There are 2 protein chains.
Amino acid sequence: MEKTSYHHGDLRAALLEAGERLLSETSVENFSLRRVAKETGVSHSAPAHHFGDVSGLLTALADEGFKRLKASMVKFQREAGTSAEEQLIASGRGYVRFAEESPALFRLMFTSQRVATNGDAENTPPILAFQHLVDDVQELWGADPSINSDAMVGLIGCWTMAHGLAELSISGRLSSIRGSEKIDRDALFSALFASQFPSTSPSK
Amino acid sequence: MEKTSYHHGDLRAALLEAGERLLSETSVENFSLRRVAKETGVSHSAPAHHFGDVSGLLTALADEGFKRLKASMVKFQREAGTSAEEQLIASGRGYVRFAEESPALFRLMFTSQRVATNGDAENTPPILAFQHLVDDVQELWGADPSINSDAMVGLIGCWTMAHGLAELSISGRLSSIRGSEKIDRDALFSALFASQFPSTSPSK
DNA sequence: TCCTCCAACTTGTCACTGTCAAGATGCGCA
DNA sequence: TGCGCATCTTGACAGTGACAAGTTGGAGGA
């Protein structure tokens with residue numbers, strides 16, 4: 001898909017692809033718009049027309065990331081049992097797995113100051129990914145978290161657990177704990193997620 | 001403490017102070033060594049002599065941050081009850097509070113690619129802060145996490161909870177959850193930390 | 001007291017960055 | 001065929017980190 005003429009054809013997609021590759025090779029802090037352009041074989045300010053500025057490109061990449069985050073949760077759920085508990089655990093594991101597979105993208109999505117937060121617009125990828133988690137929680141608690149405070153605590157607990165595990169895992173801090181290599185990772189994650197479930201089910 | 005002569009006197013400390021101010025005003029990604037130098041009233045490459053490069057200055061700032069993180073945990077523990085449960089909860093709340101008070105510094109410490117990880121040197125500020133948490137866990141479980149797997153799961157659970165809450169809080173995502181404003185923050189945090197405690201004490 | 005050394009700091013330069021303005025190109029449509 | 005305009009290029013500017021070479025002045029020895 002090399003550039004054949006003055007007009008690229010699908011420059012926007014090519015820039016996104018090169019952008020994600022560069023992001024995963026370096027990090028958000030070493031990201032360079034000019035290098036993305038160069039790797040795409042295009043002039044240094046070609047991206048501006050499609051994304052405005054560097055923040056625009058990073059925001060587009062983050063949006064793509066949120067779609068994949070949700071997809072990863074769904075994928076794990078498909079391969080899991082059908083009970084509400086198993087589904088929620090699978091959801092959390094998909095969340096963590098996504099972070100482990102795309103750490104730079106995960107960091108971009110959640111901790112970069114250079115992505116534009118889209119206000120509180122509806123149906124935006126970050127909202128949709130979050131809503132997926134909310135739905136899973138609602139299924140298990142049988143109540144809407146925005147109304148039922150037990151479900152709300154469950155929602156926050158599950159999200160915190162997933163997000164915290166993701167952060168500590170991709171920073172290498174989890175595996176740097178002395179003695180942690182003796183713990184089975186799958187069992188650990190399942191137990192931690194289950195610790196947030198309603199107290200009627202004594203987990204494990 | 002203006003510069004009075006060719007030799008500054010305590011330039012290193014002045015640069016660290018200006019560096020942290022700049023960090024909190026912008027973020028890691030917009031941090032500029034030259035601006036730090038300018039605000040300190042010194043030439044653009046004066047910092048190089050004390051810190052080598054930008055990574056050196058940021059690493060020094062991060063180390064200072066880890067000392068304060070530990071201090072914040074200790075401070076909360078002093079104001080809490082003396083039981084092992086209360087002490088561990090206080091530790092976690094000090095962790096989260098530190099992040100909320102110095103979000104940019106917290107991000108620098110945990111998610112920046114520009115701070116040099118000091119290998120596995122002993123008695124370095126990050127290790128000492130982590131060890132403080134380990135000690136609290138060991139106190140409550142009555143076992144060394146590096147040997148006892150229950151204590152290890154507790155350690156990881158508590159750390160994940162603290163770190164996850166810190167991340168979600170300073171990114172504004174916790175308070176953006178619809179309906180979350182009805183939850184009492186203190187009670188929420190305490191309940192979430194307690195959910196990781198040994199099952200013999202049914203928490204809350 | 002003077003002298004010398006050298007850590008501390010400055011000045012100048014380089015390649016690289018993001019952004020903006022102005023120009024070139026060629027696709028699609030009338 | 002020829003025109004309009006989205007698409008892309010070229011050029012310029014201020015800001016960045018890093019490096020090399022020069023300047024300053026305090027501390028310690030004779």
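What you are looking at is a predicted structure, and each value in this text was computed from that prediction instead of being measured. Note on naming: letters A, B, ... go to the chains in the order of the sequence lines (proteins, then strands), and numbering restarts at 1 for each one.
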**OP:** Measure the CD-OG1 distance between B:Gln87 and B:Thr82 for me, rounded to the nearest 0.5 Å.
**Re:** 7.0 Å

Original post:
So how far is it from B:Ile170 CD1 to B:Ser175 OG, rounded to the nearest 0.5 Å?
Top reply: 12.0 Å

Subject >> Residue pair A:Leu165 / B:Thr160: nearest heavy atoms and the distance that separates them >> reply: N-CG2, 3.3 Å

Original post:
Listed in order of residue number, which residues of residues 46-56 of chain B have a non-hydrogen atom at under 4.0 Å from DNA chain D?
Top reply: B:Asp53, B:Val54

Original post:
Any ion pair linking A:Arg21 and A:Glu39 (charged N to carboxylate O, less than 4.0 Å)?
Top reply: yes

**OP:** Step by step, work out the ring pair (Phe, Tyr, Trp, His ring centres under 6.0 Å) result for A:Phe66 and A:Phe98.
**Re:** CA-CA 10 Å; A:Phe66 277 109; A:Phe98 168 79; 8.3 Å; no

Original post:
So what is the end-to-end bend of the helix from C:dT1-D:dA30 to C:dA30-D:dT1, with 5 pairs used at each end and the value given to 10 degrees?
Top reply: 10°

Subject >> Positive for side-chain hydrogen bond (donor to acceptor under 3.5 Å, both in side chains) with A:Gln77, one of A:Arg93, A:His132, A:Glu86 >> reply: A:His132

Original post:
Rounded to the nearest 0.5 Å, what separation is found between the CG atom of A:Leu23 and the CG atom of A:Leu16?
Top reply: 11.5 Å

Subject >> Between C:dA7 (P) and B:Arg12 (CZ): distance, integer Å >> reply: 17 Å

Original post:
Looking only at heavy atoms, what is the nearest atom pair of A:Val115 and A:Ala62, with distance?
Top reply: CG1-CB, 4.2 Å

Subject >> Distance-minimising heavy-atom pair for A:Ala116 and A:Thr59 >> reply: N-OG1, 2.9 Å

Subject >> Sorted by number, the residues of residues 14-31 of chain B with heavy-atom contact under 4.0 Å to DNA chain D >> reply: B:Phe31

Subject >> Between C1' of D:dT7 and CG of A:Asp10, the distance in whole Å >> reply: 13 Å

Name every donor-acceptor pair, under 3.5 Å, that has one atom in a side chain of residues 44-56 of chain B and the other anywhere in the protein, sequence neighbours excluded.
| from | atom 1 | to | atom 2 | distance (Å) |
| --- | --- | --- | --- | --- |
| B:Asp53 | OD1 | B:Ser55 | N | 3.4 |
| B:Asp53 | OD1 | B:Gly56 | N | 3.0 |
| B:Ser55 | OG | B:Arg114 | O | 2.9 |

**OP:** To the nearest Å, give me how far apart CG (B:Leu33) and C1' (D:dG15) are.
**Re:** 13 Å

Please write out each protein N/O paired with an N/O of nucleotides 11-14 of chain D under 3.5 Å, distance rounded to 0.1 Å.
| from | atom 1 | to | atom 2 | distance (Å) |
| --- | --- | --- | --- | --- |
| D:dG11 | O6 | A:His44 | NE2 | 2.8 |

Original post:
Are any of B:Ser43's side-chain N or O atoms less than 4.0 Å away from OP1 or OP2 of C:dT11?
Top reply: no

Original post:
Do the non-hydrogen side-chain atoms of A:His163 and A:Phe110 ever get within less than 4.5 Å of each other?
Top reply: yes

Original post:
Can you tell me if B:Ser195 uses its side chain to pair, donor with acceptor, with the backbone of B:Leu192 under 3.5 Å?
Top reply: yes

Please table the atom pairs, donor to acceptor, closer than 3.5 Å between any side-chain atom in residues 146-154 of chain B and protein atoms at least two apart or in another chain.
| from | atom 1 | to | atom 2 | distance (Å) |
| --- | --- | --- | --- | --- |
| B:Ser146 | OG | B:Asp144 | OD1 | 3.0 |
| B:Ser146 | OG | B:Asp144 | OD2 | 3.1 |
| B:Asn148 | OD1 | B:Asp150 | N | 2.9 |
| B:Asn148 | OD1 | B:Ala151 | N | 2.8 |

**OP:** Identify which nucleotide among C:dC9, C:dT17, D:dG17 has an atom closest to any side-chain atom of B:Val42, counting heavy atoms from C-beta outward.
**Re:** C:dC9

**OP:** Would you kindly give the CG-to-C1' distance between A:Leu11 and D:dA6, to the nearest whole Å?
**Re:** 12 Å

Original post:
Can you check the A:Lys38 NZ to D:dT9 P distance for me, whole Å?
Top reply: 14 Å

